Structure formats: C-alpha cells, structure tokens
Amino acid sequence: MKNRKSNISFGIAVLLSVLVIGFCTTETVMSQSKADDRRKQQYYAEMEEIYYHDLRGLLEESGYFNSGITIRWVSEEGEGRTYTVMIHHREIDLLSSSEKEALMQALSQAEFDDQSCRFLYEFLTV
C-alpha cells in the first residue's frame, strides 16, 4: 500500500513538473513574440514620423503651404503595410492630370525604403 502511494505521488510530481515546464516555455515564446511586435511598431512609428515631415517639406517646397495630409495604413498578416496618403490643398485641384502625376512622383521620393510597404496617393478636392 505504501509503495502504491509513493508511485502515485511520484506520477503526480512528474505530471506537475511537465505542466510547469510547458507553461514556462509557452510564456517565453509569447513574450519574445510580443517584444518583436513592439520593436516592429516602434520602427514603423519612427519611419512614419520622418516620412510625414519629409512629405510636408516637399509640399512646402512645391508651394503647397498648409496642405492637409492624412496618412492611413492597413496591415495584413505576412503582407506588410499599405499606406494611403491623402493630400488636400486648393491649388492642387487646379493642376492638370500630368502635373498631378509629376507631383505624385515627387512625393514618392519621400517614401521610406521598406519592401513590405506600399504607398498609394490621393489628392482630395476641397
């Protein structure tokens, strides 16, 4: 009887040890994943801020002071980010299609170099 109790106790101890080890391993992997996500978010936040200021500078150099700039992004898992950049300025409405295309090309020079990101531009009418 005593031998059977010690076998059961030993079995329970082994089972608990396996559960604790499994839990610790899972938490470590999840914590590393969260840290990677935080680093990635911080990277994008820094790049977006630089991009926004470069974009504003290009618009001002082109004579479009006080332009409204709205940047929205969508992220799909494994596909990176797609940015939609909406620019509003009364003078842009007066440009021809070819002039708008040239402005769009100039603005694309401010894009940060990340192969997983795509940029789309829209000129909104005021």
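Side chains included, hydrogens not; waters and symmetry mates left out as well; all remaining heavy atoms used. Model, not experiment: these values are computed from the prediction.
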Any non-hydrogen side-chain atom of [X] less than 4.5 Å from a side-chain atom of [Y]?
| X | Y | answer |
| --- | --- | --- |
| Glu91 | Tyr64 | yes |
| Arg72 | Val74 | no |
| Tyr44 | Trp73 | no |
| Thr84 | Ile71 | no |
| Leu95 | Leu103 | yes |
| Leu55 | Leu107 | yes |

Notebook entry, point to check: Cluster question for you: counting only ILVMFWY and a side-chain heavy-atom cut-off of under 4.5 Å, with indirect links fine, are Tyr52 and Tyr83 together?
Noted result: yes
Next item on the list: For side chain to side chain contact (heavy atoms under 4.5 Å, CB included), just list the numbers for Val85 and Thr70, CA-CA rounded to whole Å, side-chain angles, deciding distance to a tenth of an Å, and then say yes or no.
Entry: CA-CA 6 Å; Val85 182; Thr70 304; over 6 Å; no
Note to self: Keeping His88 on the side-chain end and Ser67 on the backbone end, is there a donor-acceptor pair under 3.5 Å?
What the structure shows: no
Margin query: Does anything in residues 42-57 form a salt bridge (charged side-chain N to carboxylate O under 4.0 Å, His left out)? List the pairs, not counting sequence neighbours.
Written below: Glu48-Arg81
Next item on the list: Output yes when Lys40 and Asp37 qualify as a salt bridge under the 4.0 Å nitrogen-oxygen rule, no when they do not.
Entry: no
Please find the pair of heavy atoms, one from [X] and one from [Y], that lie closest to each other, and give the distance.
| X | Y | answer |
| --- | --- | --- |
| His89 | Phe65 | NE2-O, 3.0 Å |
| Tyr51 | Ala110 | CD1-O, 3.1 Å |
| Asp93 | Thr125 | OD1-CA, 3.4 Å |

Item checked: Pair Ile92-Leu124, side chain to side chain contact (heavy atoms under 4.5 Å, CB included): steps then yes or no -> CA-CA 9 Å; Ile92 294 175; Leu124 302 177; over 6 Å; no
Note to self: Suppose the criterion is side chain to side chain donor-acceptor pair (under 3.5 Å): which pairs have a residue in residues 101-115, not counting sequence neighbours?
What the structure shows: Tyr43-Asp114, Glu101-Gln105, Glu111-Tyr121, Asp114-Ser116
Note to self: Please enumerate all residues that pass side chain to side chain donor-acceptor pair (under 3.5 Å) together with Glu122, with sequence neighbours excluded.
What the structure shows: none
